[in-house]
Asks: 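One structure follows; several queries about it will come next.
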Amino acid sequence: MFFVAFFAGCASTDRSSAEAEKAINQVMSIREKAIREKDIDLYMTCISKDYKDREDSFDVVRERMQKNFEVFEMIDFLTSKRTVYLEGQKAMLVEDYEIVFFAGAKRDRARGKEQIFLRKEDGGWKIVKGL
């Protein structure tokens, strides 16, 4: 009987982990779409009001992204090799990214790896650090 309860518990944990990872991936897809469409309101739905990273806060992130959206005519943002590490109501996401900025005839490209921290809040998963 112990084994049945143990495996049932694991199945529940695996299911909740899979659901959390799916929800986190959805947040990151919304973020990518918001960047490509230069939609600051959509972008900010992914960010926690409690965002804090060094001197950055929710308002600083909003201001910085709004400036980027205004300066660049087009932004192409792609991610790959995403891994999500869950620990209860918190998560760390690691992914590769490539971003291309277009301003007039000028085109800039950056590639790298980002580490983003999320927390499950009322209303779903939100980014709390790492941008």
Side-chain angles (χ1 to χ4, degrees):
M1 196 53 96
F2 169 74
F3 292 112
V4 173
F6 176 76
F7 287 116
C10 288
S12 175
T13 300
D14 290 345
R15 191 173 329 112
S16 63
S17 294
E19 289 170 2
E21 190 168 336
K22 182 179 177 182
I24 289 167
N25 283 322
Q26 185 176 18
V27 169
M28 300 311 291
S29 293
I30 290 169
R31 175 179 171 247
E32 289 178 31
K33 178 181 180 187
I35 291 171
R36 285 192 304 273
E37 293 180 3
K38 301 189 322 177
D39 184 335
I40 192 64
D41 293 325
L42 182 60
Y43 185 86
M44 296 310 294
T45 65
C46 302
I47 313 301
S48 171
K49 297 278 187 195
D50 297 327
Y51 184 93
K52 186 72 177 154
D53 194 357
R54 289 170 255 125
E55 301 300 316
D56 291 351
S57 65
F58 178 87
D59 292 331
V60 170
V61 169
R62 182 180 184 87
E63 183 179 316
R64 181 177 61 232
M65 289 307 295
Q66 183 64 49
K67 285 180 185 176
N68 286 335
F69 291 165
E70 291 169 1
V71 168
F72 298 107
E73 293 170 20
M74 190 172 106
I75 303 172
D76 193 14
F77 185 70
L78 303 167
T79 61
S80 62
K81 298 180 185 173
R82 180 179 295 157
T83 305
V84 177
Y85 303 94
L86 288 167
E87 188 174 313
Q89 303 296 303
K90 296 179 181 179
M92 179 180 72
L93 177 143
V94 178
E95 66 186 359
D96 293 341
Y97 70 88
E98 179 177 12
I99 189 163
V100 182
F101 303 98
F102 298 89
K106 188 174 179 181
R107 177 179 153 186
D108 287 322
R109 169 179 283 154
R111 291 182 182 165
K113 185 176 291 286
E114 61 184 356
Q115 186 176 50
I116 294 176
F117 297 87
L118 300 100
R119 181 178 66 213
K120 188 170 186 184
E121 301 180 349
D122 290 340
W125 287 89
K126 301 287 182 173
I127 298 170
V128 293
K129 182 179 178 182
L131 300 174

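None of the values given here were measured: they were computed from a predicted structure.
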Asks: How far does OH of Y51 sit from NZ of K129, to the nearest 0.5 angstrom?
Replies: 8.5 Å
Asks: Passes side-chain contact (heavy atoms from CB on, under 4.5 Å), M28 versus L93? Steps please.
Replies: CA-CA 10 Å; M28 300 311 291; L93 177 143; 3.5 Å; yes
Asks: Can V128 be reached from F58 by stepping across I, L, V, M, F, W or Y side chains whose heavy atoms are under 4.5 Å apart?
Replies: no
Asks: Rounded at 0.5 Å granularity, tell me how far CD1 in I24 sits from CD in Q26.
Replies: 11.5 Å
Asks: So I116 and L131, side-chain contact (heavy atoms from CB on, under 4.5 Å) or not? Walk me through it.
Replies: CA-CA 7 Å; I116 294 176; L131 300 174; 4.0 Å; yes
Asks: I'd like to know if D50 pairs up with R119 as an ion pair, taking the criterion as any Lys NZ or Arg NE/NH1/NH2 lying under 4.0 Å from an Asp or Glu carboxylate oxygen.
Replies: yes
Asks: Just wondering, do V60 and E55 contact through their side chains at under 4.5 Å, heavy atoms?
Replies: no
Asks: How long is the straight-line distance from CD1 of I47 back to CD1 of I127, given to the nearest 0.5 Å?
Replies: 4.0 Å
Asks: If two hydrophobic side chains count as joined below 4.5 Å and joins carry through other members, does F117 share a cluster with Y85?
Replies: yes
Asks: Charged N to carboxylate O under 4.0 angstrom, K113 versus E95?
Replies: no
Asks: Spell out, as yes or no, whether a donor-acceptor pair under 3.5 Å connects the side chain of E73 to the backbone of G104.
Replies: yes
Asks: Could you tell me whether K126 and E121 have a side-chain N and a carboxylate O separated by less than 4.0 Å?
Replies: no
Asks: How far apart are the closest heavy atoms of V84 and A91, and which atoms are they?
Replies: CG1-CB, 4.4 Å
Asks: Does a sphere of radius 6.0 Å around CD in E87 hold more than 12 heavy atoms from other residues, nucleotides or ligands, not counting ones at 6.0 Å or beyond?
Replies: no
Asks: Please check: side-chain N/O of K120 versus main-chain N/O of W125, any donor-acceptor pairing under 3.5 Å?
Replies: no
Asks: Does K52, at its NZ atom, have more than 12 non-hydrogen atoms belonging to other residues, nucleotides or ligands within less than 6.0 Å?
Replies: yes
Asks: Answer yes when R31 and E114 have at least one side-chain N-carboxylate O distance shorter than 4.0 Å, and no when they do not.
Replies: yes
Asks: Do NZ/NE/NH1/NH2 and the carboxylate oxygens of R62 and D41 come within less than 4.0 Å?
Replies: yes
Asks: Is the backbone of D56 close enough, under 3.5 Å, to the side chain of D53 for a donor and an acceptor to pair up by distance?
Replies: no
Asks: Do I30 and Y97 sit in one hydrophobic cluster, given that two such residues count as connected whenever their side-chain heavy atoms are within less than 4.5 Å of each other, even indirectly?
Replies: no
Asks: To the nearest 0.5 angstrom, please state how far the CG atom of D108 sits from the CZ atom of F72.
Replies: 6.5 Å
Asks: Indicate if V71 and V100 have the same hydrophobic cluster label, given that clusters are the connected sets of ILVMFWY residues with side-chain heavy-atom separations under 4.5 angstrom.
Replies: no
Asks: Taking side chain as C-beta onward, heavy atoms only, is R64 less than 4.5 Å from V61?
Replies: yes
Asks: To the closest 0.5 Å, what do you measure between CZ (R36) and CD1 (I75)?
Replies: 11.0 Å
Asks: With rounding to the nearest 0.5 Å, note down the distance linking CE in M44 to CE in M65.
Replies: 9.0 Å
Asks: When you measure from the side chain of Y43 to the backbone N and O of Q66, does any donor-acceptor pair fall under 3.5 Å?
Replies: no
Asks: List the steps and the verdict of salt bridge (charged side-chain N to carboxylate O under 4.0 Å, His left out) for R82 and E32.
Replies: CA-CA 13 Å; R82 180 179 295 157; E32 289 178 31; 2.9 Å; yes
Asks: Taking all atoms of both residues into account, what is the closest heavy-atom pair of A20 and L86, and its distance?
Replies: CB-CD1, 3.8 Å
